[in-house]
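Keep in mind that the numbers below use all heavy atoms, side chains included, and drop hydrogens, waters and symmetry copies. One-based numbering, in listed order, for ligands and for the atoms of each. Numbering starts at 1 and runs along the sequence shown.
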Amino acid sequence: MRVSTIASTLALAASGVQAQYYANQSAPFYLVLSSQNETLNGTTLSSYHEGAAIESFGLGGPLSTASVEYTFNYSIQSWQDPPPTGVNLTGLLTWELRGGNFNLSSPMQLSYTPSSNVAVPLLEPSDDGTLVAFDDENKLTILSYQDDTKPLPNYAVTPTYNWYVCTTYVGYLYQTLAWVVGNAEPQNPTCQKVDVLRIFK
Ligand SMILES: *[C@@H]1O[C@H](CO)[C@@H](O)[C@H](O)[C@H]1NC(C)=O
Ligand SMILES: *[C@@H]1O[C@H](CO)[C@@H](O)[C@H](O)[C@H]1NC(C)=O
Ligand SMILES: *[C@@H]1O[C@H](CO)[C@@H](O)[C@H](O)[C@H]1NC(C)=O
Ligand SMILES: *[C@@H]1O[C@H](CO)[C@@H](O)[C@H](O)[C@H]1NC(C)=O
Ligand SMILES: *[C@@H]1O[C@H](CO)[C@@H](O)[C@H](O)[C@H]1NC(C)=O
Ligand SMILES: *[C@@H]1O[C@H](CO)[C@@H](O)[C@H](O)[C@H]1NC(C)=O
């Protein structure tokens, strides 16, 4: 497990006023990969240092009490009404960045590059991030609200599961969790399909 370090200047952010849009928080849980690849199957996700207060989701080894804990932050506004199949709530996938004298909630946000269809989920201190959900099988999903493969407008709330593990380069070369944008094969040839499961402590 790699624990990130943080530039001391960022400690200032800890004293700033934070709007609490997603202030309801789930119990802590671990994130575990499910994959056809037996090496990846059952491997946990861990927070990997990519830059000052920036982490990606790297591979964390088998599930143990030392595995990295994540939480799900939501609000009353994030109830899905009517709920799409198996999903009640959207919210932020969060990890707590711990410094010497501060703790900062770091939600997941997808980091996109216009030249690639492989986005990298990153954790950074913020009030906002990419809205995700957990379905009734505890699988991490992102809701699609419009099916643009059909004539528009085509409003249809559908859970999508475009998670992969790929070799990515944000600040370092790691195998990390990735998200493929849209209904396509990842252009990064190292990508392997996975699902991400939530397992409560
Ligand atoms: C998540 O919820 C906890 C508990 O209310 C709060 O301290 C934290 O700031 C929240 N994080 C975000 C990103 O809203
Ligand atoms: C992955 O792990 C699960 C849980 O241990 C197991 O049921 C499943 O058969 C495994 N799949 C593969 C492809 O190894
Ligand atoms: C399974 O994943 C490991 C780790 O990424 C990789 O080294 C191996 O080549 C993969 N196996 C297959 C059959 O794709
Ligand atoms: C969030 O917490 C508040 C205060 O405890 C509660 O009234 C509200 O119902 C909760 N929201 C959800 C979506 O559970
Ligand atoms: C950060 O969180 C840990 C674990 O909950 C706690 O022990 C520690 O006192 C917190 N630090 C600060 C500065 O709040
Ligand atoms: C959604 O809400 C229903 C009714 O409260 C509950 O039975 C179900 O377990 C919830 N599903 C999820 C994924 O939380």
Check: Considering the options Pro107, Ser56, Ser106, which one meets the side chain to side chain contact (heavy atoms under 4.5 Å, CB included) requirement together with Leu123?
Finding: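 It is Ser106; the other options fail the test.
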
Notebook entry, point to check: Out of Leu93, Val32, Asn138, which one pairs with Arg198 under the side chain to side chain contact (heavy atoms under 4.5 Å, CB included) rule?
Noted result: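 Between Arg198 and the candidates, side chain to side chain contact (heavy atoms under 4.5 Å, CB included) is satisfied uniquely by Asn138.
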
Note to self: For Asn188 and Tyr164, which I'm curious about, is there any donor-acceptor pair between the side chains at under 3.5 Å?
What the structure shows: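 No pair is found: no donor N or O on one side chain lies under 3.5 Å from an acceptor on the other.
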
Check: Can you tell me if Ser47 and Tyr70 form a side-chain donor-acceptor pair at under 3.5 Å?
Finding: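 Yes, Tyr70 and Ser47 have a side-chain donor paired with an acceptor closer than 3.5 Å.
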
Next item on the list: Output yes when a side-chain donor or acceptor of Thr141 lies under 3.5 Å from a complementary backbone atom of Thr160, and no otherwise.
Entry: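 Between the backbone of Thr160 and the side chain of Thr141 there is a qualifying donor-acceptor contact (under 3.5 Å).
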
Margin query: Would the distance check show the side chain of Thr130 and the main-chain N or O of Leu110 forming a donor-acceptor pair, the cut-off being under 3.5 Å?
Written below: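 At least one qualifying donor-acceptor pair exists.
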
Notebook entry, point to check: Is Ser106 touching ligand 1 with its side chain, its backbone, both, or neither, if touching means heavy atoms under 4.0 Å apart?
Noted result: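 It is neither part, as no heavy atom is under 4.0 Å.
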
Check: What do you reckon, does Ala23 have a nitrogen or oxygen under 3.5 Å from a nitrogen or oxygen of ligand 1?
Finding: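 N/O-N/O distance under 3.5 Å: yes.
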
Numbering the atoms of ligand 1 from 1, which are under 4.0 Å from a heavy atom of [X]?
{"X": "Asn73", "answer": "1 (C), 2 (O), 3 (C), 8 (C), 10 (C), 11 (N), 12 (C), 14 (O)"}
{"X": "Ser126", "answer": "13 (C)"}
{"X": "Ser105", "answer": "8 (C), 9 (O), 10 (C), 11 (N), 12 (C), 13 (C)"}

Identify the protein atoms, limited to N or O, that lie within less than 3.5 Å of an N or O atom of ligand 3, and list each pair with its distance to 0.1 Å.
from: ligand 3; atom 1: 2 (O); to: Asn37; atom 2: OD1; distance (Å): 3.4
from: ligand 3; atom 1: 2 (O); to: Asn37; atom 2: ND2; distance (Å): 2.3
from: ligand 3; atom 1: 2 (O); to: Gln192; atom 2: NE2; distance (Å): 3.2
from: ligand 3; atom 1: 5 (O); to: Gln175; atom 2: NE2; distance (Å): 2.6
from: ligand 3; atom 1: 5 (O); to: Gln192; atom 2: NE2; distance (Å): 3.0
from: ligand 3; atom 1: 11 (N); to: Asn37; atom 2: ND2; distance (Å): 2.9

Next item on the list: Under the salt bridge (Lys or Arg N to Asp or Glu O under 4.0 Å) rule, collect the residues that match up with Asp128, sequence neighbours excluded.
Entry: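 In terms of salt bridge (Lys or Arg N to Asp or Glu O under 4.0 Å), with neighbours along the sequence ignored, Asp128 is linked to no residue.
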
Margin query: Nearest 0.5 angstrom please: Thr94 OG1 to Leu92 CG, how far?
Written below: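 Answer for the OG1-CG pair, Thr94 versus Leu92, is 7.0 Å.
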
Notebook entry, point to check: Below 4.0 Å from any atom of ligand 1, is there a heavy atom belonging to Gly129?
Noted result: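 Per 4.0 Å heavy-atom rule, Gly129 does not contact ligand 1.
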
